[in-house]
**Student:** 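Would you mind keeping the following structure in view while I ask a few things?
Numbering of residues begins at 1 and proceeds along the displayed sequence.
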Amino acid sequence: MKRRLLNVFLLSLLLPNASVAQSRETLCDFSKYKYSWADHFLPNGFRKVVKPKYPAVARAVKANGSVQVDVIFDAKGNVREACAVSGHPLLHAAAVRAARETKFKRNFNLSMPQPISLRSKYMKAELYYTFVL
């Protein structure tokens with residue numbers, strides 16, 4: 001009982017910082033990338049999918065649900081940038097960590113019949129991670 005109260009107290013100290021770090025004003029800015037949406041590539045587009053680890057603090061307060069992470073990945077399939085967009089703030093870091101370790105197949109920008117100046121160097125995708133107690 002004392003341990004749980006201590007966890008809730010520590011959580012109350014951390015929660016304001018977590019919500020500031022992922023507020024609407026600080027969402028990832030992907031404007032430095034010239035990208036295309038990767039929706040039609042995702043059904044067969046993964047080389048490696050990483051399952052996120054459930055954070056102990058989130059487990060202590062029974063935080064659960066789905067977290068949306070937007071990612072930018074390059075032509076080699078490596079994630080360049082990831083950002084949690086929605087979901088419980090205590091689950092954001094774990095979901096972003098898993099998204100950064102995800103690898104996509106090299107299935108774009110190789111044989112597109114358009115001029116090289118119009119080809120996208122990066123793709124953007126939305127990943128969803130569900131945390132269940």
**Student:** Rounded to the nearest 0.5 Å, what separates atom CG in Asn78 from atom NZ in Lys103?
**Tutor:** 4.0 Å
**Student:** Nearest heavy-atom pair of Pro52 and Ala94: which atoms, and what distance?
**Tutor:** CB-O, 3.6 Å
**Student:** Please round to the nearest 0.5 Å and tell me the distance separating atom CZ of Phe131 and atom NZ of Lys51.
**Tutor:** 10.0 Å
**Student:** How far does CG of Leu90 sit from CZ of Arg59, to the nearest 0.5 angstrom?
**Tutor:** 13.0 Å
**Student:** Looking at side-chain heavy atoms only, is the closest gap between Lys32 and Phe30 below 4.5 Å?
**Tutor:** no
**Student:** Do you know the tightest heavy-atom contact between Leu91 and Pro55?
**Tutor:** CD2-CD, 4.0 Å
**Student:** Do Val69 and Val49 belong together in a cluster built from hydrophobic side chains that touch within less than 4.5 Å?
**Tutor:** yes
**Student:** Should Tyr54 and Asn64 be marked as a side chain to side chain contact (heavy atoms under 4.5 Å, CB included) after you check the CA-CA gap, both sets of side-chain angles, and the distance that decides it?
**Tutor:** CA-CA 9 Å; Tyr54 213 118; Asn64 59 20; 3.5 Å; yes
**Student:** Flag the pair Phe104 / Val79 as yes when at least one side-chain heavy-atom distance between them is below 4.5 Å, and no otherwise.
**Tutor:** yes
**Student:** Check whether His92 reaches the backbone of Gly87 with its side chain - one donor and one acceptor, N or O, closer than 3.5 Å.
**Tutor:** yes
**Student:** Rounded to the nearest 0.5 Å, how far does CZ of Arg100 lie from CG of Leu127?
**Tutor:** 12.0 Å
**Student:** Does a side-chain heavy-atom distance below 4.5 Å link Leu133 with Lys62?
**Tutor:** yes
**Student:** Could you measure the distance from the OG1 atom of Thr102 to the OH atom of Tyr129? Nearest 0.5 Å is fine.
**Tutor:** 3.5 Å
**Student:** Grab the two heavy atoms, one from Thr130 and one from Ser66, that are nearest each other, plus how far apart they are.
**Tutor:** OG1-OG, 3.9 Å
**Student:** Mind checking the CD1-NZ spacing from Ile72 to Lys124? Nearest 0.5 Å is all I need.
**Tutor:** 6.0 Å
**Student:** Return the minimal non-hydrogen interatomic distance between Asp70 and Gln68, and the atom names on each side.
**Tutor:** OD1-NE2, 3.0 Å
**Student:** Just say parallel, tilted or perpendicular for the rings of Tyr33 and Tyr122, cut-offs at 30° and 60°.
**Tutor:** perpendicular
